[in-house]
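A quick write-up on the structure given underneath.
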Amino acid sequence: MNVVLMGPPGAGKGTQAEIIRQHYSIPVIATGDMFREAVSQKTELGTKAKHYMDQGQLVPDEVTIGIVKERLAQPDCQDGFMLDGFPRTTPQAEALDQVLADTGRKIEAAINISVTEEVLIERIEGRVSCPDCKTIYHLNFNPASAEGICDECGASLTYRSDDRGDVAKKRLEVYLEQTLPLLEYYKEQGLLFNIDGNRPADEVFRDIKGILENL
Ligand code: ADP
Ligand code: ADP
Ligand code: ZN
């Protein structure tokens, strides 16, 4: 299955992608995670991306498309993949279709997790994650068993710097301006599936599973 997972910042894409990865053993390609990794490793890509991420802006299309293209060429993606947080602009979606067409593949579903703005803000404000194994927690909705410590690996949990006030607000604005219009792109092709994300993660997953099993 070749699937894209869409939704505003804080909708629960990363949380669902992790459940999907465990159920279906397909690779999850999360551009946000790739960029954060590059920033923490201080690579050339990280230096380029950091400037935009710190301001809540999108990293330029040519950079983002380049890393996804490279990742999709790897052997583990040939039998299916899930993209989390890509595409986020129309040029990214068009480039994705082109790259897949060149290798005889195509997107089979675009799953959009929609969540009200009020809930998004609560989710972003309470999000903490593990810098080592990347497990995502929420201070109220999905807390770690011992406060501040990752259940999986024992590392200290951290906030994302772009989840703070103004930057978080900017990310929501950028989503509405640049990513929301993209839903139409998939709708026109009959590939769009909307899911109500204002519910517990296991209920959201049940719906996603229903879609994936009918592909
Ligand atoms: P969110 O939790 O808001 O969905 P991500 O972890 O997916 O955030 O992305 C974090 C940041 O990484 C974004 O604000 C943006 O700067 C950058 N980024 C991630 N994916 C993309 C993309 N497809 N195009 C451009 N920039 C991206
Ligand atoms: P995204 O990748 O879309 O930005 P995340 O998966 O990181 O979103 O989720 C954002 C925050 O909301 C995290 O703290 C996560 O634990 C929490 N969360 C995710 N899904 C749900 C849900 N269905 N109900 C309550 N909290 C959730
Ligand atoms: Zn961990």
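Atom set for the values below is all heavy atoms of this structure, side chains included, hydrogens, waters and symmetry mates excluded. Numbering of ligands and ligand atoms starts at 1, following listing order. What you see is a predicted model, and the numbers here were worked out from it, not measured in a lab.
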With 2.8 Å as the limit, jot down which protein N, O or S atoms are around the Zn ion (ligand 3).
C130 SG, C133 SG, C150 SG, C153 SG

Under a 4.0 angstrom heavy-atom cut-off, which atoms of ligand 2 come close to [X]?
X    : result
G14  : 1 (P), 2 (O), 6 (O)
A201 : 22 (C), 23 (N)
R199 : 22 (C), 23 (N), 24 (N)
A11  : 3 (O), 8 (O)
T15  : 5 (P), 6 (O), 9 (O), 15 (C), 19 (C)

With respect to P9, determine whether any N or O atom, backbone or side chain, lies less than 3.5 Å from an N or O atom of ligand 1.
no

Any nitrogen or oxygen of P87 lying under 3.5 Å from a nitrogen or oxygen in ligand 1? Just yes or no.
no

Among all protein non-hydrogen atoms, which one is nearest to [atom], and what is the separation to 0.1 Å?
atom                    : answer
atom 2 (O) of ligand 1  : R160 NH1, 3.2 Å
atom 12 (O) of ligand 1 : M53 CE, 3.6 Å
atom 18 (N) of ligand 2 : R123 CD, 4.0 Å
atom 26 (N) of ligand 1 : V59 N, 3.0 Å
atom 20 (N) of ligand 1 : T31 OG1, 2.8 Å

Does R36 have a non-hydrogen atom less than 4.0 Å from ligand 1?
yes

Whether K50 lies under 4.0 Å from ligand 1, heavy atom:
no

Which option out of M6, Q92, R88, Q57 puts a heavy atom nearest to atom 1 (P) of ligand 1?
R88

Of the side chain and backbone of T64, name the one, both, or neither that has a heavy atom under 4.0 Å from an atom of ligand 1.
side chain

Numbering as shown, the atoms of ligand 1 that approach K13 to under 4.0 Å (heavy-atom distance):
4 (O)

Under the criterion side chain to side chain donor-acceptor pair (under 3.5 Å), I'd like the reasoning laid out for E94 against Q98: C-alpha separation, chi angles, the key distance, then a yes or no.
CA-CA 6 Å; E94 288 168 353; Q98 188 60 55; over 6 Å; no

